[in-house]
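To start, the structure itself, in structure tokens.
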Protein chains: 2
Amino acid sequence: MLSYSEENHLKAIFHLSVNNESGVSTNSIASKMNSKAPSVTEMLKKLSEKDLVVYKKYQGVLLTDFGRKTALSVIRKHRLWEVFLVEKLNFKWDEVHDIAEQLEHIKSEKLTNELDKFLDYPTKDPHGDPIPNPAGFIKYTAKLVLSDLLIGETGKFIGVKDSSSTFLKYLDKREISLGSNIKVIHKEEFDESIHIGLVETNLSISVKSAANIYVTKL
Amino acid sequence: MLSYSEENHLKAIFHLSVNNESGVSTNSIASKMNSKAPSVTEMLKKLSEKDLVVYKKYQGVLLTDFGRKTALSVIRKHRLWEVFLVEKLNFKWDEVHDIAEQLEHIKSEKLTNELDKFLDYPTKDPHGDPIPNPAGFIKYTAKLVLSDLLIGETGKFIGVKDSSSTFLKYLDKREISLGSNIKVIHKEEFDESIHIGLVETNLSISVKSAANIYVTKL
DNA sequence: AAATTAATTTAGTCTAGCCTAAAAATTTAG
DNA sequence: CTAAATTTTTAGGCTAGACTAAATTAATTT
């Protein structure tokens, strides 16, 4: 039985592994966990004891298959609960993260699988992130960021990179929502802002925003 | 922000207060919590600091209004989640307790209230226990135990005193379920067993069981 | 390649929550 | 109304998980 802290560390390592095939650093984990390096070192020793990670001093850390599966089970729960909150309890996509952070630690396989069934086996959470299946398999969708589209190209908005409540609320205000088809009309050289067409309406957003919006080319 | 342990102690004190208007003993709390007296003493000091209980050494403990409200908020969540598990996720009434023990600590008033709405404002949990309203008000129903009914009297089964999974499964097997109308046909003097009529069918149960079934006289 | 800088680990401390054993207070009984 | 029994509290210890400060290892720079 893993503690919340152990599960959270596994999750952090999982997310950091995406860009760090060779090993995740102690500091990067500490920064993601809002803790300090010595706390992480101590935890890595414990996770290593339990065969959840492969850890050698000063060498960074990587998940074992078992650790990866465990992390994915937590992520699965997190994302299923997010769907539940939005689909069934009228939450907005910017309100669900903190509650899902709590719910993801509830221990009951039956609960997770019944929830999955109740939600009719969703494949994406409210931010467009894929939901792992019970075996820990994740179906990744090819994606690029909006700012990578060229003028004249159109993409379908399929996810956010920055899922901060601030950014999500901003997207709401601009009426840019998951599933929208976005066409790049023009790129302003001066301030690098990007003029986009949203089905019918045109609007302009910053490169920073555009770099946080995942799209698939149409 | 209260810890799980603090919330659990408040809940235990609340439940024990029902039969102990004058003050709940350290040992009784320890036994309900599956812990030891010194751990309870320590916790009582902390809860007292936070004005959740009134505690004087060697004198037993009672909840303050604030403590009572806090306990009821936890109980409310516990029972709402139980309803959710049974009504929406196909759980049986004997499977929900342990999961609700985890879910009851999730912190989000909005979540609780939206869940309440989603479940259409249930007033009882799957074991017949009343669900406190958001203000912490509980509507108690007059009830007596089945073994208190006299021969010839009929009662409606409205709750269980012993909600152990063993007993609940036993009731399932005997096909005695919440809402059944139960008529006492005969009481066996020899072994004190009670013959009851369940709408049409007649069956016999032990006094022990009958003392764990709450009914209202019809 | 040595020296400086940065990252990581070790050492030692703290708090929450639990425990056992011993002491103190209260209750019960003779 | 004392003496024994019971209950409760205190004292002291343990573990998990966090921290700061110091030491060590690795990486970078000159």
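Letters A, B, ... are given to chains in the order of the sequence lines, protein chains preceding strands, and every chain is numbered from 1. Small disclaimer: the values here were computed from a predicted structure and weren't measured.
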Original post:
Between D:dT8, D:dA18, C:dT9, which nucleotide gets closest to the side-chain atoms of B:Tyr58?
Top reply: D:dT8
**OP:** Indicate yes or no for a side-chain donor-acceptor contact from B:Ser35 to the backbone of B:Ser31 under 3.5 Å, with no hydrogens or angles considered.
**Re:** no
Original post:
OP1 or OP2 of D:dT8 sitting under 4.0 Å from any side-chain N/O of B:Tyr55?
Top reply: no
**OP:** Could you tell me the separation between the NZ atom of A:Lys45 and the P atom of D:dT15, rounded to a whole number of Å?
**Re:** 16 Å
**OP:** Look at the side chain of A:Lys36 and decide which nucleotide, out of D:dC19, C:dT26, D:dT10, has an atom nearest to it.
**Re:** D:dC19
Subject >> Selected nucleotide, minimal atom distance to B:Glu42 side chain, candidates C:dC18, D:dA26, D:dT10 >> reply: C:dC18
Subject >> OP1 or OP2 of C:dC19 under 4.0 Å from side-chain N/O of B:Ser39 >> reply: yes
Subject >> Short side-chain N/O contact from B:Lys57 to OP1 or OP2 of C:dA24, under 4.0 Å >> reply: no
Subject >> A:Lys161 to A:Tyr214, cation-pi by 6.0 Å centre distance and 45° axis angle >> reply: no
Original post:
Ring centroid separation for B:His78 and B:His97, is it under 6.0 angstrom?
Top reply: yes
**OP:** Nearest whole angstrom, please: distance from the P of D:dT25 to the CD of A:Gln59.
**Re:** 13 Å
Subject >> For DNA chain C, the residues among residues 18-32 of chain A that have a non-hydrogen atom under 4.0 Å from it >> reply: A:Ser25, A:Thr26, A:Asn27
Original post:
Does B:Tyr4 place a side-chain N or O at less than 4.0 Å from the phosphate oxygens OP1/OP2 of C:dC18?
Top reply: no
Original post:
Whole-Å distance between C:dT9 P and A:Lys56 NZ?
Top reply: 13 Å
**OP:** Kindly say whether A:Ser25 contributes a backbone atom to a donor-acceptor pair with the side chain of A:Ser28 at under 3.5 angstrom?
**Re:** yes
Original post:
Rounding to a whole Å, what distance do you find between A:Met43:CE and D:dC19:C1'?
Top reply: 14 Å
Original post:
In terms of side-chain heavy atoms of B:Thr41, which of D:dT9, C:dC18, D:dA18 is nearest?
Top reply: D:dT9
**OP:** Hunt down the Watson-Crick or G-U wobble partner of C:dT10, both distances under 3.5 Å, from any strand shown, or write none.
**Re:** D:dA21
Original post:
Is A:Lys139 reaching over with its side chain to a backbone N or O of A:Pro130, donor-acceptor style, under 3.5 angstrom?
Top reply: no
**OP:** Determine, stepwise, if the pair A:Ile29 / A:Leu16 fulfils side-chain contact (heavy atoms from CB on, under 4.5 Å).
**Re:** CA-CA 8 Å; A:Ile29 299 169; A:Leu16 292 166; 3.9 Å; yes
**OP:** Kindly say if B:Ser5 contacts the phosphate of C:dA16, meaning a side-chain N or O under 4.0 Å from OP1 or OP2.
**Re:** no
Subject >> For atom CD of A:Glu7 and atom P of D:dA16, their distance in whole Å >> reply: 16 Å
Original post:
Please give, in whole Å, the distance from C:dC18 C1' to B:Met33 CE?
Top reply: 11 Å
Original post:
What is the distance from CG of B:Leu47 to C1' of C:dA16, rounded to the nearest Å?
Top reply: 13 Å
**OP:** In whole angstrom, give the distance that lies between atom CG of B:Leu44 and atom P of D:dT10.
**Re:** 11 Å
**OP:** Determine, for B:Phe84 and A:Lys88, whether the Lys NZ or Arg CZ falls below 6.0 Å from the six-membered ring centre while staying within 45 degrees of the axis.
**Re:** no
Original post:
Could you go step by step and tell me if B:Lys11 and B:Glu101 meet the salt bridge (Lys or Arg N to Asp or Glu O under 4.0 Å) rule?
Top reply: CA-CA 11 Å; B:Lys11 226 181 15 154; B:Glu101 287 284 301; 2.9 Å; yes
